[in-house]
Amino acid sequence: MMTAKIILRMAFRKIRLTPVMAAVLAGSAWAQTPPATDDTRTLKAITVESSRNSQLGVADSANGGVVTQQQLEARTVYRPGEVLEATPGLIVSQHSGEGKANQFYLRGFNLDHGTDLRTTIDGMLVNQRSHAHGQGWTDLNFLIPELTTQLEYRKGPYYAAEGDFASAGAVSLRYADKLAHGIASVGLGQKGYRRVLLADSPTLASGGNLLYALEVFHNDGPYVHPDDYRKLNGVLRYSQGTEARGFNITAMAYSAKWNSTDQIARRAVDNGTLSRFDALDPTDGGKSSRYSLSGSWRDTSAAGKTKIDAYIVRQQLDLFSNFTYFLDDPVNGDQFSQPDRRVTTGVKAAHTWQTRGIGQASETTVGLQLENDNIFNGLHNTVARQRLSTTRQDHIVESSLGAYVENTTWWNDWFRTVAGLRADTYRFRVGSNNPANSGSVSDSIASPKLALVFGPWSKTEYYVNVGSGFHSNDARGTTITIDPKTGAPASKVPPLVRSRGAELGVRTEIIPGLQSALSVYQLNFGSELIFAGDAGTTEAGRPSRRVGFEFSNYYKPVSWLTVDADVAFARARFRDADPIGQRIPGAVEGVASVALAVDNLGPYYGALQLRYFGPRPLVEDNSVRSRGTATLNGRIGYKISKTMRVELEGYNLTNRRDSAIDYFYESRLSSEAASTNDVHFHPIEPRSFRVNFTMNFN
């Protein structure tokens with residue numbers, strides 16, 4: 001009788017029950033309820049009158065969401081990593097050659113090449129720990145956008161399933177087990193752009209699906225010394241079963257080579273020595289490869305849901321960079337190489353079950369995450385990619401074990417809680433060419449989380465989130481005693497650095513067709529990771545605080561138009577007293593984007609996207625600031641038939657002369673007798689166009 005009264009009361013208030021809650025209230029199993037997102041998500045989103053799933057009754061905060069395949073396909077991207085820009089408030093940029101990991105801006109962070117933005121693809125962690133070039137290196141160039149069926153994002157240290165690097169945010173991408181149709185695509189464009197993609201997923205006699213994809217890519221870019229970026233990329237996956245009960249086994253292979261036009265000194269452009277797209281060291285560049293074998297198994301029954309992911313990844317990088325030109329070596333120049341070779345193995349397991357007797361409905365998830373990196377990397381002085389000397393060379397073994405428990409309880413029809421606790425332990429073992437920098441270090445950290453969710457009332461839900469997280473530091477910094485470059489004594493850094501966050505949020509769908517979310521947050525870090533220009537790496541710095549807000553909107557006013565509009569602002573400061581200043585160099589302040597997508601207008605469709613990230617301090621006292629950057633990208637397409645279409649894509653349509661990244665540090669040009677502190681920038685690409693022809697087949 002009580003169950004019936006609850007259901008009637010919620011129906012009267014026009015509040016729809018989530019599948020799990022309804023199943024618990026009805027006393028039935030939820031074996032047929034498929035998960036909506038990652039290994040901790042067992043709730044299926046409510047569908048509203050749009051192509052985006054509603055997060056009312058599903059999300060634990062105002063800062064998380066799920067982006068569907070339809071939404072991802074509507075976006076125009078210049079490079080694969082820009083798929084992540086479907087995350088509100090996230091900007092993806094580049095400061096070097098196209099084969100290098102991207103630059104990320106989110107929640108007041110210049111995340112360098114991925115630090116504090118945890119990124120996974122099919123459960124595999126993309127961030128690379130203790131990387132030769134930068135902590136948390138996130139190379140997404142192996143991503144094939146056409147295979148991506150879903151993107152889930154979460155921001156802040158509030159989620160028990162998210163561990164290292166997730167304090168600013170976490171993005172999870174999922175590849176398809178089966179494609180709706182085979183894909184044959186050819187792309188041609190300016191500046192040497194060529195792309196061919198072939199993908200399909202035939203059903204085999206065994207009843208399983210064999211998905212394959214092969215991508216061949218080339219791009220020169222607008223540079224005086226062309227990138228000559230060459231990429232060969234492949235995926236092979238066998239899968240059986242359904243989302244609720246099944247498995248897949250996947251092999252991926254990626255290999256690339258490129259030249260780099262890194263950031264250049266502004267004074268060299270101002271005095272006419274270089275053009276905006278020239279290089280101060282035309283021999284910079286690199287090559288990389290990634291080979292992985294992964295598997296996922298999932299089962300759902302009356303006893304609960306279980307998912308296990310396992311993977312092994314072999315990655316190599318040879319990177320040649322020169323950011324200071326002739327500052328340290330006036331004869332040979334300052335080019336250096338950072339080779340990194342590693343084998344990463346990982347296992348993730350999670351089990352979710354219903355808990356009776358607590359509130360109206362309750363579910364609990366327990367998870368275990370193990371990862372091990374066996375790494376060989378180094379730092380060498382080079383000229384024209386030829387090694388002159390070795391600064392340091394290391395063998396690193398970094399292992400981690402994370403365990404978590406998370407409970408969601410619906411106390412009544414308008415209030416639920418999500419309480420979690422995560423514990424992580426790390427072991428770093430460094431074998432350096434200098435024994436004084438070798439050693440072993442261990443560290444552990446516990447991270448509690450809590451979310452309070454109120455509503456929905458009138459299709460509006462309110463959130464309170466608090467929690468702590470962490471990021472790991474480079475293993476070499478935890479054992480160092482002597483600076484390998486200067487020979488001076490060096491201070492060790494803590495292995496794990498805590499973050500603490502708090503957030504208030506609201507999410508509403510009170511206006512038909514419009515989904516809006518507003519969050520106000522504060523995030524403290526025990527140590528800020530900042531970019532070191534002379535080494536091209538990130539290093540542990542001072543404690544920091546960010547206070548900001550995000551406002552995201554998804555609107556579908558009519559069947560043929562969708563609008564994504566997001567704006568975010570963050571105030572970033574160091575928390576300790578230092579006469580040099582309190583500003584965090586490179587910390588992005590204002591971010592905004594507006595994306596329009598048009599379809600269902602006969603054979604024509606299109607998209608237009610404006611993205612902006614504003615001025616930011618480049619030094620601690622705010623005396624030097626970057627300029628703002630805005631780009632307008634667009635696409636118009638024509639459906640020749642049900643199986644063929646052609647698209648024209650345009651980038652930087654207004655041909656703005658903005659920067660993709662700005663730094664301020666000391667450098668010396670070959671013509672200069674002394675060094676100079678200057679802004680160093682990498683330009684956004686000028687206006688360019690690409691034509692893509694795609695054919696679908698069965």
Side-chain angles (χ1 to χ4, degrees), residues 76-85 89-106 109-115 117 133-134 137-141 190-191 193 219-227 229 258-266 268-269 274-280 284-286 319 321-323 531 533 536 585-593 609-618 624-633 650-665 678-688:
T76 301
V77 298
Y78 185 86
R79 50 182 63 91
E82 291 179 8
V83 169
L84 271 61
E85 288 190 351
L90 175 62
I91 296 292
V92 180
S93 185
Q94 180 58 276
H95 81 95
S96 186
E98 287 302 321
K100 195 173 181 180
N102 294 124
Q103 205 84 13
F104 302 92
Y105 299 102
L106 177 68
F109 286 87
N110 176 354
L111 293 165
D112 195 50
H113 297 295
T115 302
L117 176 63
H133 185 72
W137 174 269
T138 303
D139 183 355
L140 285 166
N141 287 294
Q190 297 171 283
K191 312 299 183 182
Y193 174 82
N219 192 27
D220 286 330
Y223 306 104
V224 174
H225 304 278
D227 275 352
Y229 177 43
W258 67 93
N259 301 319
S260 292
T261 297
D262 289 328
Q263 65 259 19
I264 57 176
R266 180 176 291 172
V269 177
L274 298 176
S275 73
R276 284 172 49 82
F277 301 102
D278 211 336
L280 282 161
D284 288 349
L319 186 65
S321 308
N322 188 345
F323 301 131
F531 177 82
V588 66
E589 296 174 345
V591 172
S593 68
Q609 182 179 349
L610 173 67
R611 53 203 285 267
Y612 167 84
F613 53 103
R616 52 205 173 277
L618 299 182
V624 182
R625 292 179 59 85
S626 74
R627 300 167 181 147
T629 298
T631 56
L632 181 66
N633 302 332
Y651 303 91
N652 191 12
L653 293 173
T654 58
N655 205 30
R656 289 179 62 97
R657 294 167 58 87
D658 294 339
S659 298
I661 189 76
D662 294 279
Y663 301 103
F664 186 80
Y665 57 82
D678 195 9
V679 172
H680 299 74
F681 75 98
H682 186 73
I684 62 172
E685 294 76 12
R687 182 168 48 223
S688 63

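These numbers come from a predicted model, not from an experiment.
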Under the side chain to side chain donor-acceptor pair (under 3.5 Å) test, residues paired with [X] that sit two or more places apart:
X: W137; answer: none
X: S688; answer: none
X: Y193; answer: none
X: R627; answer: none

Side-chain heavy-atom pair [X], [Y] within 4.5 angstrom cut-off:
X: L140; Y: P80; result: no
X: L274; Y: L280; result: yes
X: V269; Y: F681; result: yes
X: R687; Y: Q190; result: no
X: P617; Y: E589; result: yes
X: Q103; Y: I661; result: yes
X: F664; Y: P585; result: no
X: F104; Y: L84; result: yes

Smallest separation among heavy atoms of [X] and [Y], with atom names:
X: S626; Y: G614; answer: OG-O, 4.2 Å
X: Q94; Y: N102; answer: NE2-ND2, 3.6 Å
X: K100; Y: S321; answer: NZ-OG, 4.3 Å
X: A279; Y: H225; answer: CB-CD2, 4.0 Å

Sequence neighbours left out, what passes side-chain contact (heavy atoms from CB on, under 4.5 Å) with [X]? Give chain and number order.
X: T76; result: A607, N633, R635, E649, Y651
X: N652; result: T654, N655, R656, I684
X: D284; result: S260, D262, D281, N322, Q335
X: L610; result: L632

My understanding is that only residues two or more places apart in sequence, or in another chain, count here; which of them pass salt bridge (charged side-chain N to carboxylate O under 4.0 Å, His left out) with [X]?
X: D662; value: R266, R616
X: E85; value: R611
X: R276; value: none

| message | Checking the side chain of D227 only, and the main-chain atoms of G97 only, is there a donor and an acceptor separated by less than 3.5 Å? | response |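 Between the backbone of G97 and the side chain of D227 there is no qualifying donor-acceptor contact (under 3.5 Å).
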| said: Donor-acceptor check, side chain of D658 to backbone of A630, threshold 3.5 angstrom: yes or no? | reply: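 Side chain of D658 to backbone of A630: a pair is present.
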Interatomic distance, [X] atom [atom1] to [Y] atom [atom2] [nearest 0.5 angstrom]:
X: F109; Y: L117; atom1: CZ; atom2: CG; value: 10.5 Å
X: D678; Y: Y663; atom1: CG; atom2: OH; value: 15.0 Å
X: L106; Y: F613; atom1: CG; atom2: CZ; value: 13.5 Å
X: H680; Y: H95; atom1: NE2; atom2: NE2; value: 13.0 Å

| task | Can you label the angle between the H113 ring and the H133 ring as parallel, tilted or perpendicular, going by 30° and 60°? | result |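 Tilted, since the angle between the ring planes falls between 30° and 60°.
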| message | Could you check whether E98 and N141, counting side-chain N and O atoms only, form a donor-acceptor pair closer than 3.5 Å? | response |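 Distance-only check fails for N141 and E98.
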| task | Give the C-alpha distance, both sets of side-chain angles, the deciding distance and a yes or no for side chain to side chain contact (heavy atoms under 4.5 Å, CB included) between V679 and L618. | result | CA-CA 8 Å; V679 172; L618 299 182; 4.1 Å; yes
| field | Listed partners of H682 passing ring pair (Phe, Tyr, Trp, His ring centres under 6.0 Å), at least two apart | value |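 H682: ring pair (Phe, Tyr, Trp, His ring centres under 6.0 Å) contacts with Y223.
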| side chain to side chain contact (heavy atoms under 4.5 Å, CB included) between Y229 and R79, intermediate numbers included | CA-CA 12 Å; Y229 177 43; R79 50 182 63 91; over 6 Å; no
